[in-house]
Amino acid sequence: MANAGSTHSTVRDDAPLLAFALGLLCLLAMVPVTLGALAGYLTLGAAVPVLAVGAGAAVLSLVVA
């Protein structure tokens with residue numbers, strides 16, 4: 001039973017927040033890859049798999065949150 005006056009939280013309590021933060025981090029990590037592909041530093045063949053993995057991880061973690 002949890003103590004109502006306690007400020008201590010468990011990992012189970014913070015799991016949605018951590019999943020949401022991971023989703024946002026994945027979305028933010030996709031920005032430099034997209035900009036690099038648009039600027040010509042990356043080829044589309046290199047950027048698309050990275051963006052697909054980032055988008056998949058972001059969607060999965062945001063659904064979990």
Side-chain angles (χ1 to χ4, degrees):
M1 179 174 268
N3 185 359
S6 175
T7 59
H8 179 71
S9 63
T10 62
V11 174
R12 187 173 28 143
D13 295 336
D14 292 336
L17 181 62
L18 293 174
F20 184 74
L22 178 65
L24 288 180
L25 184 66
C26 288
L27 289 174
L28 287 174
M30 291 168 52
V31 171
V33 175
T34 303
L35 293 176
L38 290 174
Y41 293 118
L42 293 172
T43 63
L44 285 177
V48 168
V50 173
L51 292 173
V53 169
V59 168
L60 181 66
S61 63
L62 290 174
V63 166
V64 168

K.L.:
Looking only at heavy atoms, which two atoms of V50 and A46 are closest? And how far apart?
P.N.:
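It is CG2-O, 3.4 Å.
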K.L.:
CG of L18 to CG of L25: how many Å apart, nearest 0.5 Å?
P.N.:
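If we round to the nearest 0.5 Å, L18:CG and L25:CG are 11.5 Å apart.
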K.L.:
Are L17 and L28 linked, directly or through other ILVMFWY residues, by side chains that come within less than 4.5 angstrom of each other?
P.N.:
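Per the 4.5 Å side-chain linkage, L17 and L28 are not co-clustered.
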K.L.:
What's the shortest heavy-atom distance between V33 and L42, and which atoms?
P.N.:
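The pair with the smallest heavy-atom distance is O-CD1, 3.8 Å.
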K.L.:
I'd like to check the side chain to side chain contact (heavy atoms under 4.5 Å, CB included) partners of A58; sequence neighbours left out, ordered by chain and number.
P.N.:
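Side chain to side chain contact (heavy atoms under 4.5 Å, CB included) check on A58 returns C26, L27.
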